[in-house]
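This report refers to the structure that appears directly beneath it.
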Amino acid sequence: RSEEMAKLTQLIDNEVFRAYATYATIVLLKMMLMSLITAYFRITRKAFANAEDTASFGKGENAKKYLRTDPDVERVRRGHLNDLENIVPFLGIGLLYALSGPELYTALLHFRIFAGARIAHTFAYLIPLPQPGRGLSWAVGYAVTISMAYKVLKTALYL
């Protein structure tokens, strides 16, 4: 049991793992913020997806007019979905990458670029900024995840 604890302590003392934990937390919090932004847009645009959400606006036909889609709400939702499609793979591949023994400088570069790209992507989506800003920020983050996956496969190739 103490050997297992020693291994866990080594992992927590590993600077690359701590860097991964830091940037994973940042992008997860950013993704969670998208839920709050969606709620904000739903409330301010009075555009709800569920009948029970319209209860404070009346009953029956009066409340039904608030069961609708809104372009601003849908834009935030698409940004949130894009986060799910990109941050979840980063979490898995990034963890494997952190455990594959990369240099701290290289790992920090990967993690920082990914986090920066996802934050830029959110701003590009929500403002909205003209293309190719959003596309480039997506591509940079995606390329970082592919780069980490390549390193993991190269390091621990058991195909």
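Quick note: numbers below take in every heavy atom, side chains included, and nothing from hydrogens, waters or symmetry partners.
For Tyr40, the ring pair (Phe, Tyr, Trp, His ring centres under 6.0 Å) test picks out no residue, with sequence neighbours left out. With sequence neighbours excluded, no residue forms a ring pair (Phe, Tyr, Trp, His ring centres under 6.0 Å) with Phe41.
Nearest heavy-atom pair, Leu104 versus Ala19, reported as atom, atom and distance to 0.1 Å: CD1-CB, 4.4 Å. When every heavy atom of Arg68 is checked against every heavy atom of Lys65, the shortest pair comes out as CD-O, 3.3 Å. Closest approach of Ala124 to Arg75, counting heavy atoms only: O-NH2, 4.4 Å. The two atoms that bring Leu91 and Ala24 nearest to each other are CD2-CB, 3.6 Å, heavy atoms only. The two residues Ala117 and Val140 have their closest heavy-atom pair at CB-CG1, 4.0 Å. In plain terms, the two heavy atoms of Tyr20 and Leu95 that are nearest each other are CE1-N, 3.4 Å.
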Note to self: Under the criterion side chain to side chain contact (heavy atoms under 4.5 Å, CB included), I'd like the reasoning laid out for Val144 against Phe111: C-alpha separation, chi angles, the key distance, then a yes or no.
What the structure shows: CA-CA 8 Å; Val144 166; Phe111 301 152; over 6 Å; no
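Under the 4.5 Å side-chain heavy-atom criterion for grouping Ile, Leu, Val, Met, Phe, Trp and Tyr, Ile119 is not connected to Tyr142 through any hydrophobic cluster. Note on Leu109: it clusters hydrophobically with Val27, by side-chain heavy-atom contacts below 4.5 Å among ILVMFWY residues. Residues Phe90 and Leu84 are members of one and the same hydrophobic cluster, defined by side-chain heavy-atom contacts under 4.5 angstrom among Ile, Leu, Val, Met, Phe, Trp and Tyr. Hydrophobic cluster membership is shared by Leu36 and Leu126, with clusters built from Ile, Leu, Val, Met, Phe, Trp and Tyr side chains linked at under 4.5 angstrom. In terms of hydrophobic clustering, with Ile, Leu, Val, Met, Phe, Trp and Tyr side chains grouped at heavy-atom distances under 4.5 Å, Val76 and Ile127 are assigned to different clusters.
Put simply, the side chain of Leu33 reaches to within 4.5 Å of the side chain of Ile37, judged on heavy atoms. Thr54 places none of its side-chain heavy atoms less than 4.5 Å from the side chain of Lys64. You'll find the side chain of Thr122 reaches within 4.5 Å of the side chain of Asp83, heavy atoms only. By the 4.5 Å heavy-atom criterion applied to side chains, Arg77 and Leu81 are not counted as neighbours.
Note on residues 59-89: pairs passing ring pair (Phe, Tyr, Trp, His ring centres under 6.0 Å), not counting sequence neighbours, are Phe57-Tyr66.
When atom types are taken as modelled, the side chain of Asn50 and the backbone of Glu52 share no donor-acceptor pair closer than 3.5 angstrom. Within the 3.5 Å criterion, the main-chain N or O of Gly135 finds a donor-acceptor partner in the side chain of Gln131. Side chain of Asn86 to main chain of Asn82: a donor-acceptor pair is present (N/O by atom type, distance under 3.5 Å, no hydrogens or angles). Tyr23 places no side-chain N or O within donor-acceptor distance of the main-chain N or O of Ile113, the cut-off being under 3.5 Å. Judged by distance alone, the side chain of Arg42 and the main-chain N or O of Ala47 form a donor-acceptor pair under 3.5 Å. Between the side chain of Thr25 and the backbone N or O of Ala21, at least one donor-acceptor pair lies under 3.5 Å.
A donor atom on one side chain and an acceptor atom on the other are found under 3.5 Å apart for Lys151 and Thr155.
Separation of atoms CG (Leu129) and NE2 (His121) is listed at 11.0 Å; rounding is to 0.5 Å. Summarising the geometry, atom OG1 belonging to Thr22 is positioned 9.5 Å from atom CZ belonging to Phe17; distances are rounded to the nearest 0.5 Å. With values rounded to the nearest 0.5 angstrom, Met148 atom CE is found 4.5 Å from Thr145 atom OG1. For the atom pair Glu74 CD and Asp72 CG, the distance stands at 10.0 Å (nearest 0.5 Å). Note: Ile87 CD1 to Met34 CE = 9.0 Å, rounded to the nearest 0.5 Å. Here the OG atom belonging to Ser147 is positioned 10.5 Å from the CD1 atom belonging to Ile93, to the nearest 0.5 angstrom.
Within the cation-pi definition used here (under 6.0 Å to the ring centroid, within 45° of the axis), Arg134 qualifies as a partner of Tyr125.
For CD of Glu103, the number of neighbouring non-hydrogen atoms (other residues, nucleotides, ligands) closer than 6.0 Å is 12 at most.
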